[in-house]
Number of protein chains: 4
Amino acid sequence: MVTDKRDPIHAQLVDARRNQILDAATEVFAEKGFHHATIKDIARHAGIADGTIYIYFKNKPDLLLGILNRVNESERRGSDLAKSLEGEIDVRQFMKVYVRHRLSVMDDNLRGFQAVLPDILANTELRERFLREVIEPSFQVAEPIFEQWVAAGAVRPMNAALALRLVSSTFFGMLVLRMMGDATLENAWADLPEVVTNFLFDGLEKKEPSR
Amino acid sequence: MVTDKRDPIHAQLVDARRNQILDAATEVFAEKGFHHATIKDIARHAGIADGTIYIYFKNKPDLLLGILNRVNESERRGSDLAKSLEGEIDVRQFMKVYVRHRLSVMDDNLRGFQAVLPDILANTELRERFLREVIEPSFQVAEPIFEQWVAAGAVRPMNAALALRLVSSTFFGMLVLRMMGDATLENAWADLPEVVTNFLFDGLEKKEPSR
Amino acid sequence: MVTDKRDPIHAQLVDARRNQILDAATEVFAEKGFHHATIKDIARHAGIADGTIYIYFKNKPDLLLGILNRVNESERRGSDLAKSLEGEIDVRQFMKVYVRHRLSVMDDNLRGFQAVLPDILANTELRERFLREVIEPSFQVAEPIFEQWVAAGAVRPMNAALALRLVSSTFFGMLVLRMMGDATLENAWADLPEVVTNFLFDGLEKKEPSR
Amino acid sequence: MVTDKRDPIHAQLVDARRNQILDAATEVFAEKGFHHATIKDIARHAGIADGTIYIYFKNKPDLLLGILNRVNESERRGSDLAKSLEGEIDVRQFMKVYVRHRLSVMDDNLRGFQAVLPDILANTELRERFLREVIEPSFQVAEPIFEQWVAAGAVRPMNAALALRLVSSTFFGMLVLRMMGDATLENAWADLPEVVTNFLFDGLEKKEPSR
DNA sequence: GATGAATGAGTGTTCATTCAT
DNA sequence: CATGAATGAACACTCATTCAT
């Protein structure tokens, strides 16, 4: 029986195995950190032999890239959502939907971030890759939307690039605080879409809310 | 000649050596990450022999703790500042001073954070220690101040604990974005105290600023 | 349909497969050396799957033995030739035929030797096997022939065993030099039967050739 | 105590250690072949720890190169001898001295050759290096000497390059036969200088020897 | 105190071999 | 028979740590 490597069934099997391995790697990396996780750990976690991992991944760093790509994929859907909402008039409504989405992505991929973020921060190459491939593209999607808001008078005039960094920072910071194990943030997760939207729009100061 | 270990001159020499080593370790960890940095690297950077490091530090992780403590020291001065400003009536002025201080600490310790944060995020033990010893104490200092603001009507009523997390997240997020190499944030660093203070107080929305 | 394993057609098929695999193995071993050649390499070279090799050969060393046997077979035909020429009076003519034959065998099996000789020299077991099964038998064929020449006065009296080793050494040495890539020897290959015969009979010294 | 790496005493210690390791490696490679020898084997043989080997040698192949260089050193002394004898009138005497020297070098370095030759033959890179660095230079020393002999009428006119290859082949072949474990050659080793010289000069054929 | 050579435990990776399909 | 995915034993190499000088 000659099996065509381009066989879609074969491709599905390969994909399933890759995901099985990446799931295990995510779990173990998140638990022990990339460097303290051994291939044996991951293999045992996935219920396979050490060598099998090397059929699907070139080496250990490649596992990290695999996880990163899956996380990126989720992240990208955030941009897609933003794009799809473009033109929406009710800015605050837009934001609430977007924040909810972001937070849920964050929640779903928490283990993935925990597996990947420490090494993104530690490793120049990964860092640059993540910046170019994930963060900057999302800024590029967001910037015109933000400027449109300013033009429409829905948002006060400010440096769009900088404003995006601040909003983005808030999300990154929440991710980091959750990863650190902050209980308050974890327990309040359900209320966050509302709270964060208000924070981003109104800030801390007391004033007559615009609506 | 027997040297008394409690000799203050001796203590100063020891401290100088420790700092010399920690400086080298900070640089090398920030550059290569904790695990890819070797003791040889650090020793060469400090201009001493490998073995000498072990006279001043128990082991490699202990170097990380040493760096962490120096960073914490800087951080603590943020809390001190906040405490010292307590009672200040002009909330926005308070915030501007505080933000400026925080950002300058962040800037001064960027290499230190770069050396230490990836492993704080990766390592359960460090993570918990950082949470209990640095983050939570700073929340405990800030919470009464914030509640006092609410009581004084300077800030709109909101869950103090959560508000602090959001503010704190913004700072953490900016740190992370800078560590990632975001150029916009780096170039705008000088304007940030103003911009961030406004962001935190007023949010994004257009409204009649209260002052 | 039950196929009789003693079926001559079946046997031929098996033989064809074995040779197909040995050809591939010879090529790959010669190119990369036994240890750097992988079963995958050989299988790909033969256009079959890894596992198929194990239907025809017990294990990797067995491939080497398979190649060795084919080389030995060629070598043995040298002895056969010698034997067939026994009784021939014109010693120099005998030698010229024999040398030509040997050199052509060497040429034909160069890849085989390249595949097999390094490991014969490295591996005690193979070494002994090659010595007992190939080299010594050929000496045993040659020794009576040589002594007959001495008796007939065609060759000067000398230790037959030692003389054979020297002649044999010259051939082995030429093989090694060619394997090393010596260009002079390779380019002169066509002239060698004449040159080598003269060298073996007359040596280097100037004298009146006997004919 | 600061030790200057160019300290001659330090250099001597390093050299001693390197030789200790190379001795062990030679023994183990000769015994088991390069690929079946493990670093642990060699370390144990040298009475040191695995890691120590890597202080003095970059990697396992580097050990082979180290052995090769020591063997080359011995070989080079053959060329030196030939050069030093240049101008000698008694060609046969010259040859006897040279042959004796070569055979003794061969004998002294037999383990070294056994360690190194299999991989020289198996490995393209080593093969080329050995050809360029050892064999060809020795031919270049020998060729003018040989041509001088022809001019002086001490040797019959023949292609010098080819004649050298044949003589050289005889030596290589004897080395190979000895490595294979041929007992006859080993036992006759003491008589070889005489026998080989005669063989090289007079060949096999009966004739009135020129002296 | 300072040195840096030596140690050896720990791990990523390869690849011959097996076996369910 | 043929396949090739899976296995896991084996091994080169790294590097934190020690300690004699």
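Across the protein-nucleic acid pair, Leu63(D) atom CG and dC11(F) atom P stand 16 Å apart, rounded to whole Å. For the pair Ile42(C) CD1 and dG4(F) P, the computed distance is 17 Å after rounding to whole Å. Spacing between atom CG of Asp62(C) and atom P of dA16(E) amounts to 14 Å, rounded to whole angstrom units. If you measure from atom CZ of Phe57(C) to atom C1' of dT18(E), you get 18 Å, rounded to the nearest angstrom. Atom pair Ile53(D):CD1 and dA5(E):P shows a separation of 17 Å (rounding to whole Å applied). Going from atom CG of Leu64(B) over to atom C1' of dA16(F) covers 15 Å, rounded to whole Å. Here the P atom of nucleotide dA16(F) and the CZ atom of Arg44(B) are 12 Å apart, to the nearest Å. Per the geometry, CD1 belonging to Ile55(B) stands 14 Å off P belonging to dC19(F), to the nearest Å.
In terms of heavy atoms, Met180(A) sits closest to Leu131(B) at O-CD2, 3.6 Å. The two residues Ala115(A) and Ile67(A) come nearest to each other via the heavy atoms CB-CD1, 4.4 Å.
By the 4.0 Å N-to-carboxylate-O rule, Arg70(D) lies close enough to Asp23(D) to be salt-bridged with it.
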Going by atom type alone, with no hydrogens or angles, which donor-acceptor pairs under 3.5 Å involve a side-chain atom of residues 25-37 of chain D and a protein atom two or more places apart or on another chain?
unit_1, atom_1, unit_2, atom_2, d
Thr26(D), OG1, Leu22(D), O, 2.6
Glu27(D), OE2, Arg111(D), NE, 3.0
Glu27(D), OE2, Arg111(D), NH2, 2.6
Glu31(D), OE1, Arg111(D), NH2, 2.8
Lys32(D), NZ, Asp41(D), OD2, 3.0

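Annotation: side chain of Leu68(C) is not in contact with side chain of Asp119(C) (no heavy-atom distance under 4.5 Å).
Within residues 17-30 of chain A, the residues approaching DNA chain F are Arg17(A), by heavy-atom distance under 4.0 Å.
Residues satisfying the side-chain hydrogen bond (donor to acceptor under 3.5 Å, both in side chains) criterion with Arg129(D), sequence neighbours excluded, are Glu133(D).
At least one donor-acceptor pair under 3.5 Å links the side chain of Gln20(A) to the backbone N or O of Ala46(A). Looking only at distances, a side-chain donor or acceptor of Asn123(A) sits under 3.5 Å from a matching main-chain atom of Leu126(A). In this structure, Arg127(B) contributes its side chain and Leu121(B) its backbone to a donor-acceptor pair below 3.5 Å. Under a 3.5 Å cut-off, the side chain of Gln114(C) and the backbone N or O of Met179(C) do form a donor-acceptor pair.
Contact annotation: Tyr56(B) reaches the phosphate of dA2(E) (side-chain N/O to OP1 or OP2, under 4.0 Å).
Within 4.0 Å of Leu13(A), counting heavy atoms only, lies no atom of the nucleic acid at all.
The terminal axes of the helix from dA2(E)-dT21(F) to dT21(E)-dA2(F), fitted over 5 pairs per end, subtend an angle of 0° to the nearest 10°.
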Footprint string (nucleotides 9-14 of chain E, 5' to 3'): B base within contact, S backbone only, - free, heavy atoms under 4.0 Å: --SSBB
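Sequence neighbours left out, not one pair with a member in residues 56-69 of chain D passes side-chain hydrogen bond (donor to acceptor under 3.5 Å, both in side chains).
Comparing Gly47(B) and Ile48(D) by the nucleotide of DNA chain E whose heavy atom lies nearest to each, the residue mapping closer to the 5' end is Gly47(B).
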